[in-house]
Engineer: 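This is the structure, below, for whatever I ask next.
Numbered from 1 within each chain, the chains take letters A, B, ... in sequence-line order.
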Amino acid sequence: MLAQGVRIALEKAKDDDKLDFDALPDIVIEVPREEKYGDFATNAAMQMARAARKNPREIAQIIADYFPTHSTSVDSVEIAGPGFINFHLKDTWLTEIFAKIVTEGEQFGNSSFGEGKKVQVEFVSANPTGELHMGNARGAAIGDTLAGLLQLAGYQVEREFYINDAGNQIEKFANSLEARYLQALGEDVPFPEDGYHGEDITKLMASLVEKEGDKYQKMEGSLRRELLTSYALKIKLSDIRSVLSSFAVEYDCWFSEQSLHDSGAVEIIVKRLQEEGWLLEKEGALWLDCSRFGSDEKPEVLVRSNGVPTYYAADIAYHDNKFKRGFDTVINVWGADHHGHVARMQGAMEALGYDRNRLEVILMQLVRLYRGGEIVKMSKRTGTYVTLNELIEEVGKDAARFFFVARSADSQMDFDLDLAVTQSSDNPVYYVQYAHARICSILAAAAGEGLSVDENTKINYDCLTHESELQLIRKLADFPDEVVKAAVAREPHHIAAYVLDLAGLFHNFYSHCRVLGVDKELSLARLQLITVLARVIKKALAAMGVSAPQKM
RNA sequence: GCGCCAGUAGCUCAGCUGGAUAGAGCAACGGACUUCUAAUCCGUAGGCCGGGGGUUCGAAUCCCUCCUGGCGCGCCA
């Protein structure tokens, strides 16, 4: 509407020979960062400066003069800075917007942007050979929140956990289990050098001895390892599932890597790639010729010289399977240490005939663990790490999730659990939750006085004129866009910033305006305002896996 | 050596598809609770946006280069 007005102004100015230009530029209307610069602004005059051979401010003045103010809800147009044109809208424009938001009720914030396209988000996918650590926690927070935002934005989303229950690390796992099991029975067997040293494994085997005694002791080694592994995997997976659940993460699908080997899917995909000429044979191994799909990627082993397929081969079969399940887009959340794998995976998808861009990877920088100011090398092998369980116990699920979601995946994080515990009461999450609790408290008090509102209550919104009220409405109106923006950019941290801003505006409103004990018309309008506000806060927090308490 | 990510206030970080005076929280300092929750609000102070060059009317943002830190680089996953 504003852009149209600018176009009209430009055309008229041209007709009157005030301006000379060949083609209209793309008129971009934006919301200025500073409120005093109006509700909307455009830099059209600056963009045109060269073509029209005029000073941007002069052009801006001409546009302002010709702008059809009378026919719109524009209150005033002014020129500022180097040539910005700022539009101030009448207050009623905002209250009209708010009235629309109210009619959307619980639906406000949901959009149909994604058109129901199927998207899969795969995250955490930790090896089931140990406990979940800080890196997994970050992946969980980022992946789950992104999935939540995509859902709000109108995508059909599935969350998936890929279980690495095959390959080398499972062998090491088996050997570690066996050693711990026999040790628990008092045998003096050496622990494998490259085994998993985590205490959880020791405990697991000790408890197995308690439960089932020495029934595996005399068995033949490979059978024993197989049984111990399947027992341990079952327990480990259910532990992982329950820890993630207490971190507010629920998956739609747990996908087993082993199942791809069992079903022959890996073999089939390798054969297919070979038939289609993508493979090289060198030093007894089969290599995928990555140079064929652009860039200067080096060949990568798919099948080792001993005939065993690599993780890469299984991963290709896995992603082929994903696309065959009908996902338009597949998003993986990986640690930055896997970045070398990204181009290769996308390339492999291209080799299989898929558009490589349908596989997206969010790389998150690693979490470095500190303790008392010293870097602690995180390693599952040596068993030194802070577990997700400890984190939840020490700082709480809400604070932990907010902590991770609020930072962009690109930022490297140093994490000191001791520090996190002492600072957990400073966590911004409480600022947001407190806003929600305060609103609930007002609503309860209002109900006590017999005041309540719903979508159908007749309310005169024009009495919402206080600056803090208008700011709140403006911010609320942004919500659906913010969700879509964060979802599309795959940057869930934006929503944390948004809800923090929103809470800040509420606290400001709270200190300036009373909801109860004022004129009834105003009281009802404000009740409606905070009702919508509470809903938006709750919805945003829910997407982040953070609860919105009624009381604090 | 090559590649990816980062470097912004004392600390933790936003801002980066170019835009107006670079923001927030914590920490510091000064104010505000007989009224809907002070886990709050208001104010003060704090910045060669890692360095240098370039493009542009305009650069924290784009390009080049250097420095620093993290991660990765063919039979691990």
Engineer: Suppose you measure atom P in B:U12 against the same atom in B:C48; what distance do you get, rounded to whole Å?
Structural biologist: 16 Å
Engineer: Please report, rounded to the nearest Å, how far the P atom of B:C5 is from the CD1 atom of A:I362.
Structural biologist: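 Checked: the CD1 to P distance equals 14 Å.
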Engineer: Please determine, for the side chain of A:H339, which listed nucleotide (B:G74, B:C71, B:C36) has the closest atom?
Structural biologist: B:C71
Engineer: Looking at B:C75, does its base get a donor-acceptor pair with the side chain of A:E283 below 3.5 Å?
Structural biologist: yes
Engineer: Take A:E360 and A:K322, measure what salt bridge (charged side-chain N to carboxylate O under 4.0 Å, His left out) needs, and give me the verdict at the end.
Structural biologist: CA-CA 13 Å; A:E360 295 181 28; A:K322 289 186 181 189; over 6 Å; no
Engineer: Determine the interatomic distance between C1' on B:G15 and the same-named atom on B:C49; round to the nearest Å.
Structural biologist: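 Going atom to atom, C1' in each nucleotide, I get 11 Å.
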Engineer: Should A:R304 be listed as having a side-chain N or O under 4.0 Å from OP1 or OP2 of B:C76?
Structural biologist: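 Answer is yes, contact under 4.0 Å.
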Engineer: I'd like the C1' distance from B:G10 over to B:C2, given in whole Å.
Structural biologist: 37 Å
Engineer: Please tell me which of the listed nucleotides, B:C36, B:U37, B:C4, lies nearest to the side chain of A:S441?
Structural biologist: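 It is B:U37.
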Engineer: Can the ring centroids of A:F506 and A:H436 be said to lie less than 6.0 angstrom from one another?
Structural biologist: no
Engineer: Using the P atom in both, what is the distance from B:C4 to B:C62, to the nearest Å?
Structural biologist: 14 Å
Engineer: Let me know, please, whether A:H512 or A:A497 comes out on the 5' side of the other along RNA chain B by nearest nucleotide.
Structural biologist: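 Mapping each residue to its closest nucleotide by heavy atoms, the 5'-most match is A:A497.
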Engineer: Please report the interatomic distance CG(A:D478) to CD1(A:I473), rounded to the nearest 0.5 Å.
Structural biologist: 12.0 Å
Engineer: In whole angstrom, give me the gap between the C1' atoms of B:G7 and B:C13.
Structural biologist: 12 Å
Engineer: Round to a whole Å and report the spacing from OH of A:Y510 to P of B:C42.
Structural biologist: 14 Å
Engineer: Quick one: do A:N136 and A:L388 satisfy side chain to side chain contact (heavy atoms under 4.5 Å, CB included)? Show the steps, please.
Structural biologist: CA-CA 8 Å; A:N136 300 135; A:L388 175 51; 5.8 Å; no
Engineer: Can you check the distance between B:U8 and B:G70, where both ends of the measurement are the P atom (answer in whole Å)?
Structural biologist: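 Approximately 15 Å lies between the P atom of B:U8 and that of B:G70.
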Engineer: Over how many whole Å does the gap from A:H494 atom NE2 to B:G15 atom C1' extend?
Structural biologist: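 From A:H494 NE2 to B:G15 C1': 9 Å.
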Engineer: Just to be sure I understand the rule, does A:C513 reach a base, reach only the sugar-phosphate, or reach nothing, if contact means heavy atoms closer than 4.0 Å?
Structural biologist: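 Base contact.
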Engineer: Using a heavy-atom cut-off of 4.0 Å across all strands, would you classify A:Q550 as base, sugar-phosphate, or nothing?
Structural biologist: base
Engineer: Can you confirm if the aromatic rings of A:H466 and A:F509 lie within a centre distance of less than 6.0 Å?
Structural biologist: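 No.
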Engineer: Strictly below 4.0 Å: does A:N164 bring a side-chain N or O up to OP1 or OP2 of B:A77?
Structural biologist: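 For B:A77, neither OP1 nor OP2 has a side-chain N or O of A:N164 closer than 4.0 Å.
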Engineer: Kindly indicate whether the side chain of A:H341 and the base of B:G72 share any N or O donor-acceptor pair separated by less than 3.5 Å?
Structural biologist: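 Side chain to base: no pair below 3.5 Å.
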Engineer: Quick one: A:Q258 CD to B:A77 P, roughly how many Å, whole number?
Structural biologist: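 The distance from CD of A:Q258 to P of B:A77 comes to 13 Å, rounded to the nearest Å.
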Engineer: What is the pairing partner of B:C26, taking Watson-Crick or G-U wobble pairs with both distances under 3.5 Å in any strand?
Structural biologist: B:G10
Engineer: Could you check whether A:A437 gets within reach of a base, just the sugar-phosphate, or nothing at all, counting any heavy atom under 4.0 Å?
Structural biologist: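 The residue A:A437 makes base contact.
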Engineer: Considering every strand and a 4.0 Å limit on heavy-atom distances, what is the contact class for A:L366: base, sugar-phosphate, or nothing?
Structural biologist: sugar-phosphate
Engineer: Counting side-chain heavy atoms from CB outward, which of B:G15, B:U37, B:A77 is closest to A:R344?
Structural biologist: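 The listed nucleotide nearest to A:R344's side chain is B:A77.
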Engineer: What integer distance in Å separates A:L280:CG from B:C75:C1'?
Structural biologist: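 That distance rounds to 14 Å.
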Engineer: Tell me whether the side-chain N/O atoms of A:Y434 come closer than 4.0 Å to OP1 or OP2 in B:A39.
Structural biologist: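 Yes, A:Y434 has a side-chain N/O under 4.0 Å of OP1/OP2 on B:A39.
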Engineer: From the set B:G70, B:C4, B:A77, return the single nucleotide nearest to any side-chain atom of A:Y311.
Structural biologist: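 The answer is B:A77.
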Engineer: What is the separation between atom CG on A:D337 and atom P on B:G72, rounded to the nearest whole Å?
Structural biologist: 6 Å
Engineer: I want to confirm an ordering. Mapping A:L516 and A:G504 to their closest nucleotides on RNA chain B, which one lands closer to the 5' end?
Structural biologist: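 The answer here is A:L516.
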Engineer: If you define the side chain from C-beta out and look only at heavy atoms, does anything of A:I85 sit under 4.5 Å from A:F87?
Structural biologist: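 In short, these two side chains touch, coming nearer than 4.5 Å.
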Engineer: A:Q169 near the nucleic acid: base, sugar-phosphate alone, or nothing, with a heavy-atom cut-off under 4.0 Å?
Structural biologist: sugar-phosphate
Engineer: Identify the residue among A:T129, A:D200, A:T229 that makes a side-chain hydrogen bond (donor to acceptor under 3.5 Å, both in side chains) with A:K236.
Structural biologist: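 Between A:K236 and the candidates, side-chain hydrogen bond (donor to acceptor under 3.5 Å, both in side chains) is satisfied uniquely by A:D200.
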Engineer: I want to verify a distance call: between B:C36, B:G74, B:U12, whose nearest atom is closest to the A:R407 side chain?
Structural biologist: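 Nearest to the side-chain atoms of A:R407, counting from C-beta on, is B:U12.
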Engineer: B:A14, OP1 or OP2 - any side-chain N/O from A:S411 closer than 4.0 Å?
Structural biologist: yes
Engineer: Look at A:Y162 and B:A77 and indicate whether a side-chain polar atom (N or O) is within less than 4.0 Å of OP1 or OP2.
Structural biologist: no
Engineer: Say we look at B:C26 and B:G72: how far apart would their P atoms be, to the nearest angstrom?
Structural biologist: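 Rounded to whole Å, the distance is 36 Å.
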Engineer: Verify the contact: side-chain N or O of A:H338 to OP1 or OP2 of B:C76, cut-off strictly under 4.0 Å; return yes or no.
Structural biologist: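 The answer is no; no side-chain N or O of A:H338 sits under 4.0 Å from OP1 or OP2.
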Engineer: Whole angstroms only, please: what is the CZ-C1' distance between A:R514 and B:U34?
Structural biologist: 12 Å
Engineer: Would you please confirm or rule out a distance under 4.0 Å between OP1 or OP2 of B:A14 and any side-chain N or O of A:S408?
Structural biologist: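 Yes, such a contact exists.
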Engineer: Of the nucleotides B:C75, B:A77, B:C36, which has the atom closest to the A:V515 side chain?
Structural biologist: B:C36
Engineer: If the glycosidic angle is within 90 degrees of 0 it's syn, otherwise anti, so just tell me which one B:C33 is.
Structural biologist: syn
Engineer: Using the purine O4'-C1'-N9-C4 or pyrimidine O4'-C1'-N1-C2 torsion, is B:G51 syn (within 90° of 0) or anti?
Structural biologist: anti
Engineer: Assign a letter to each nucleotide of nucleotides 17-28 of chain B from its 5' end: B, base within under 4.0 Å of a protein heavy atom; S, sugar-phosphate only; -, no contact.
Structural biologist: --BBB-S--S--
Engineer: So do the side chains of A:R225 and A:N175 get within less than 4.5 Å of each other, counting heavy atoms only?
Structural biologist: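 Heavy-atom side-chain distance check passes, below 4.5 Å.
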Engineer: Is there a Watson-Crick or G-U wobble partner for B:A39 with both distances under 3.5 Å, and which nucleotide is it?
Structural biologist: none
Engineer: Taking atom P in both B:U17 and B:A6, compute the distance separating them and give it to the nearest angstrom.
Structural biologist: 13 Å
Engineer: Can you tell me the distance, in whole Å, between the CG atom of A:D410 and the C1' atom of B:U8?
Structural biologist: 15 Å
Engineer: Begin with the C-alpha distance, continue with both residues' side-chain angles, and end with the deciding distance and a verdict on side-chain hydrogen bond (donor to acceptor under 3.5 Å, both in side chains) for A:H338 and A:N332.
Structural biologist: CA-CA 11 Å; A:H338 287 67; A:N332 295 338; over 6 Å; no
Engineer: Relative to each other, are the rings of A:F415 and A:F404 parallel, tilted or perpendicular (30° and 60° limits)?
Structural biologist: parallel
Engineer: With A:S408 as reference, evaluate A:M364, A:H494, A:H493 under the side-chain contact (heavy atoms from CB on, under 4.5 Å) test and give the passing residue.
Structural biologist: A:H493
